[in-house]
Structures are given as structure tokens and as C-alpha cells.
Amino acid sequence: MTLFKQLSILVTLLLLSIFATVLGVNFQNSAKSVQDQLYTDAKNTATSLSLSLASANGNISMISTMINANFDNGTYQSISLVDMNGQVLYERHSERKIADVPKWFVKYIPIKAPIAAANVSAGWNPIGLLNVQCDTATAYLHLYTILYSLTISFSVIFIISLILLYILLIMLLKPLKNIRLQAEAISNNKFIIQEKLPYTQDFKEVVQVMNIMVKKVEDIFNHANETLRHQSELLYKDEATGLYNKKYLLNKLPEYLKVDAQIPDGICMMIALSGGAEANQALGRELVDKLYVDITTMLRRQAKDFNNSLVVRMNGTEFFLLLPECSEENALSLANYMDHGSTILLSKDLDEKVTFLSFGVYKYHHTQSVKQVISASDYALAQAKLIPHKERVYLHKTVSNDEIMGKEEWRKLIKFALDHNTIHFDTYKVLNIKSGELVHNVLSIALLSESQKYSYGHFIAPAISLGLDIEIHKKAVEKLLKEPPFELKGTICSLRLSEHYLDNPATYNELKSLFEKYAKNLSFKLIIELPDIVLAKNSKQLQVFKELFENYNIQIGIFEFIGEPRDYNYLKELRPAYIKAEVNYFLSQTSENISSLQVAANSIGIDLIATSVMELEALGTLKARKINMIQGRATEMLG
């Protein structure tokens, strides 16, 4: 029970007891006043009537006439005249009238009419004793009217007092409500500082302490954020040219080489400067460094026309150019153009036969591994260096693997799965290697045909080329919400949504409609995984998705995290449940980098999960770096 309710009940009972006491006292005083009034009226009647009866000189006929006149014109229960010997000379008595009041009132509020007496005499001769008793019916009615009026008055005052006290309590306890909201925000890893301090000193001190605590936690995150950004720049960037380095390339390439990549292929170009040592001797280190900057400028200028292009300095003399959606013909033209430009640049101060650039060109495909792409690019560069003439450009061609099925066959298969609702979910485990507990199940979309099952990695590339991947994701989400597999009941599950699906303008409204229909009573806890690059670039836009998910108690997770040198405040804004990164990322980072990431993540309640953990040998290093959650083939080996 909240403090507001407790205080409300306490104040209500206190007011009720006060008003009941005051009402009782007032009513008792009124009852005593009515009782006294009955005696006073009877006494006055007895006195005045006795004087009148004295003039009758004992004439019973006149006495009876006078008594009857008073009795008939008043409200009396009895009037009697008794002589000195106790004999009743005359008496009028009426049956007790029933008061026009509730029976319970008469039962529980007894009123006794007192008898007033007065001596009656004729001169010095006493005639007798006159007894007068008033009727109680009028007294009951009068007293009930008083009780009714008091009850109404006190009830109105009581209700008004309650309303005023209720308003006062709201005003007094409003800071407490804000404190509760702030505490809940802290438990949800949100940083809320109350700028307006309450007037009540106790509440004010509590708010000040909580503000200090929140500020400290926020400072921890901000410091870790800045440290992580700085460490990532040191780790990933070449100081002389400002380009990304080989370590960054190895962590970034998987983003281009994945089954659901929107751009299926492109060009990798390795560029190397031969004769670097001779250039240092001829020009000196400073001029050679300037030469590398000029080469960097040239590479950036040529890469800017390609979306999501990448320029990397692999080592002191080698550069790597990644150009998505670039054809072999364009790549050769571009390489020859840069070769000509570099010859002019180098020949000013250097011997072009000794110092020159070589260009190895290779067309990658998104289904290849990082190792395959780097090896093929290295081979192309090695061949380019062997060319004896000026245009040292070599295109390395590989025999492409034809698809097992053609586009039309894939179209029929995917259409069959969509029309017959044969979408299936494969499940993979995320384990805590420290406790051995299951963290959550990862759901991967699969398609069932009439004869076999096709995994996500198998069908998604042709689905993207056919423009059917968005429809697959939509149907998958609908089936998961509408017809969740029974074995998921009571578990925690994650479902990954692609960048292409999230970028679709209709996705938000479609998800909103599906959640309204099916997400209110899910039998399992759902986490939606979103790509890190999308969150980092569009955190404000994706906030609407976050709010939509929160309305149905659905959390978000981040995948494909590589720790790029950027501001990580988007983590604070979106507060994902966890961050997933390739195991190679966690193994290749410095201990300072991992520590900064953990501090930032822990300060806002984010877990770190290593994915693609294929071998058990990596677990020791992960444990040493306090990365205790893994996903990949190694989870099956652990059981």
C-alpha cells in the first residue's frame, strides 16, 4: 500500500473520529436540552395552572374545565390534581403518541418526560397537588430534526475537509511521486535528475541525494563513453592519415560479408607504395608522411562516389579500398586513373621506376569469408607488383559459384512458403558460461518447402534479389506473435530484424498493428534485435520503435557491434538489453577498450554477448575479459 493511501486512510479515520465525537457531544447536549425543556414546560404549566385553579375555590367542575382547556391546547401526556389525602380529584391522560421518527431512534434514544408538581390552594386552605407531564412525541421529533441537521452539516463539512486534505496530501506528496518515478527510472537504468526541489525539507534531502547518485552514474557512463571513443580511435585509426586501420577492417568486413547484405558484391582494391625506404632517404620522413596524406586524399576522393565505401591503411605502405556495388570495369578504370595520377604525384621528386603505386583489384561476394576476401586481395596486389610497366593494375578473377537454383525456382519456393504459411523458426542458445544457465533462445527464420527446410542463410540472398525479404520478415513476425511455437512458452527469445526491413516506411505501422492484435498476451518474453549501425545512425528515428516495443514489454538488443569510434550516447537513449559482437571483436580489442565498454554497459544495465563462438578454446580468454555470455557452435559442445 502506498504512503498516499496509508495517509489518506489515517486522515480519513482521524477526521471521522473527530467529527463523530463532536457530533455525539452536540447531540448529547441537544438531548439534555430537550429533556430539560420538557421539565421546564411542565413546571411552567403546573405553576400557571395552579394559580388559575386557586380561583376555583375547590369547585371540581371549574377545576376540570380549566384542566381540560390547558390539556386540549397543549402537548401533555397527563395532568392530574390530587388532594391532600392522595385522592385524585381530576385527571386527564392521553395514550402515548407515536413520534414521526424512525423506530430505531425511539428505541435507542430514550426520552423520559419528568413530572412537574405545584400546590393548589384557596387562600390559606390547601386544595391539593397539581402534577403535569409533557408529551415526548414532540420532543422526539425535535431531537430527531436536530440529529438530522447535525448529520447533514457535519457530513458536508467532513466531505469538504476530506477534499481539502486530499488536495493538500497530493501537493505535499507530489515530490514523493517524483521520487518514486526517479527510483523506477534508476532501476531501469535511466538518468533522470529532478531540477525542481520540493519544499518539504525531508523530501528535499532525499531528492538531492538521489540527484547526486544519478549524476554520479551518468558521469560514470559519460566518462566510459568518452574513454571508449578515444580508445577506439587509438585502436582503429591511423594517426598520420586519419584513416581506419587493418584491425578496423577485419571487424568491419563482416558487415559487408553476411547472408542478408543488401549489397551483394563490390570491389576490394589493395594499393601499395613500393620504394618507401628510398623515398624516406630522398625526401625525409616529414615529406613522405605528407606524401601518404596526399595518397589518402586521392583515395578518399575516388571512394566518395560509392555509398558505404571504406578507405583503410593496412600498414605503413599498403591501403585498402572497399567499393560496394562497383563493377570490375569501373574498378579497372578507377585504378588506371589513380595510377596515372599517382605517377604524376610521385615523379616530381622521386624516381618512378623505384617508387610507385600498385593496384590489386578483386571482386568480392557477400557469401565469402573475411579470410577469403583478404587473401584474394593480397594475391591481386602481389600480381600487380610483378607487372614491369607503368600501369601496375591487376584484376584477380575467381570462378563464381552458380546458384543451386535459379531465380524463378527461388521465387516459387519463397512464394509457396508465404502463401502456405510454412515459415519455421530454428532456435539457437545463448549461454552464460559462468553459471551454465540459458540466457535466451535465438530465433532464426527458416522456410519449409514440400520436401525440405531452407535456413535463413540459404534463402535470404535470393529473397533480397527478388525483393521478397521484407515480406518474409513481416510474415515471420506475424506468425511468431499469432502462432508462437508451444516450446517457447515461458522462455526468453530474440528475433533479429534486418536493416532493410526496418528502413521500409510501412514497417512501423505493420508492427504496430500486429502488436495491437497479438502481443498483449504473449506466452514468452520477446527481444527484438536491431543492427548497431542502424541504431547509431538513426537513434532518434528508432526511438519510436523502442517506445512501441516497450508498450508491450518487448526489449531491444543490438547485434553486429564493432565498437566504432563514435559517441555512444545512443546506448543511453535506447537502453538495449544486450550488445552482441563477434567473438573476434572481443578477442582483438585491448583490455582498456573492453574495460571501458563494460563500464559503460554496466552503468546502464546492458549485457555483453560474444557471437560466432565456434571453438571452446576461446572461452578462457572471454572469461578472463569477463565476457560470460556466448552464442555459437560452442554452446552445443557445452551441452
Side-chain angles (χ1 to χ4, degrees), residues 254 257-262 264 365-369 400-431 438-502 510 514 518 522-524 526-529 531 557 559-560 580 582 611-614 630-639:
L257 307 176
K258 57 183 181 179
V259 291
D260 57 355
Q262 295 304 307
H365 191 266
H366 71 107
T367 57
Q368 293 176 291
S369 68
S400 61
N401 293 323
D402 294 332
E403 292 181 339
I404 298 174
M405 294 193 298
K407 276 192 174 183
E408 287 307 312
E409 290 176 288
W410 275 115
R411 188 190 302 277
K412 289 179 182 178
L413 186 148
I414 294 171
K415 283 289 187 181
F416 175 86
L418 294 175
D419 294 341
H420 293 82
N421 196 25
T422 59
I423 291 175
H424 179 75
F425 296 98
D426 292 330
T427 58
Y428 304 94
K429 296 177 181 178
V430 172
L431 291 181
L438 175 68
V439 178
H440 66 260
N441 290 309
V442 179
L443 303 179
S444 179
I445 304 170
L447 300 182
L448 299 178
S449 70
E450 294 176 324
S451 58
Q452 68 181 91
K453 180 174 72 173
Y454 295 87
S455 67
Y456 186 80
H458 198 179
F459 72 77
I460 194 62
I464 291 172
S465 66
L466 292 168
L468 295 172
D469 56 309
I470 291 177
E471 186 66 19
I472 290 173
H473 277 89
K474 177 185 173 182
K475 289 287 187 181
V477 173
E478 181 178 1
K479 183 166 185 177
L480 181 62
L481 298 177
K482 187 178 179 181
E483 305 170 16
F486 178 78
E487 59 270 19
L488 299 184
K489 184 176 182 180
T491 65
I492 303 174
C493 303
S494 69
L495 179 67
R496 181 174 295 187
L497 299 182
S498 70
E499 180 181 352
H500 193 210
Y501 179 61
L502 291 169
E510 289 172 353
L514 289 173
Y518 309 115
L522 282 179
S523 60
F524 60 95
L526 179 61
I527 302 173
I528 299 293
E529 292 188 3
F559 69 94
E560 293 181 351
K580 287 184 177 180
E582 294 272 339
T611 61
S612 302
V613 184
M614 301 301 175
I630 66 166
Q631 174 185 328
R633 192 169 58 195
T635 59
E636 299 174 7
M637 302 176 190
L638 292 173

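No experiment lies behind these values; they were computed from the predicted model shown.
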Original post:
Are the side chains of Val442 and Thr611 in touch, meaning some heavy atoms are under 4.5 Å apart?
Top reply: no
Original post:
Side chains of Leu495 and Glu529: closer than 4.5 Å at any heavy-atom pair?
Top reply: no
Original post:
Are side-chain heavy atoms of Val430 and Lys580 found at a separation under 4.5 Å?
Top reply: yes
Original post:
Under 4.5 Å between any side-chain heavy atoms of Leu438 and Leu431, yes or no?
Top reply: yes
Original post:
Would you call Arg411-Glu408 a salt bridge at under 4.0 Å N-O?
Top reply: yes
Original post:
Can you tell if the side chain of Ile445 reaches within under 4.5 Å of the side chain of Phe459, non-hydrogen atoms only?
Top reply: yes
Subject >> Minimum-distance pair of heavy atoms, taken over all atoms of Leu413 and Leu447 >> reply: CD2-CD1, 4.3 Å
Original post:
Looking only at heavy atoms, what is the nearest atom pair of Glu487 and Thr491, with distance?
Top reply: O-CG2, 4.0 Å
Subject >> Contact check, side chains of Gln262 and Glu499, non-hydrogen atoms, under 4.5 Å >> reply: no
**OP:** Show your working on side-chain hydrogen bond (donor to acceptor under 3.5 Å, both in side chains) between Thr422 and His420 and close with a plain yes or no.
**Re:** CA-CA 6 Å; Thr422 59; His420 293 82; over 6 Å; no
**OP:** For residues Leu502 and Pro531, determine if any side-chain heavy atom of one lies less than 4.5 Å from a side-chain heavy atom of the other.
**Re:** yes
Original post:
Which atoms form the tightest heavy-atom contact between Leu488 and Cys493, and what is the distance?
Top reply: CD2-SG, 3.6 Å
Subject >> Phe559: ring pair (Phe, Tyr, Trp, His ring centres under 6.0 Å) partners, not counting sequence neighbours >> reply: none
Original post:
If you round to the nearest 0.5 Å, how far is CG of Leu443 from CZ of Phe524?
Top reply: 7.0 Å
Subject >> Results of side-chain contact (heavy atoms from CB on, under 4.5 Å) for Ser444 - residues two or more places apart only >> reply: Asp426, Tyr428, Tyr456
Subject >> Heavy-atom closest pair, residues Ala446 and Ser455 >> reply: CB-CA, 4.3 Å
Donor-acceptor pairs are to be reported for all side-chain atoms of residues 466-482 against protein atoms at under 3.5 Å, with residues two or more places apart or in another chain.
residue : atom : partner : partner atom : Å
Asp469  : OD2  : His500  : ND1          : 2.7
His473  : ND1  : Asp469  : O            : 3.0
Lys479  : NZ   : Asn421  : O            : 3.1
Lys479  : NZ   : Ile423  : O            : 2.7

**OP:** For residues Thr635 and Ile630, determine if any side-chain heavy atom of one lies less than 4.5 Å from a side-chain heavy atom of the other.
**Re:** yes
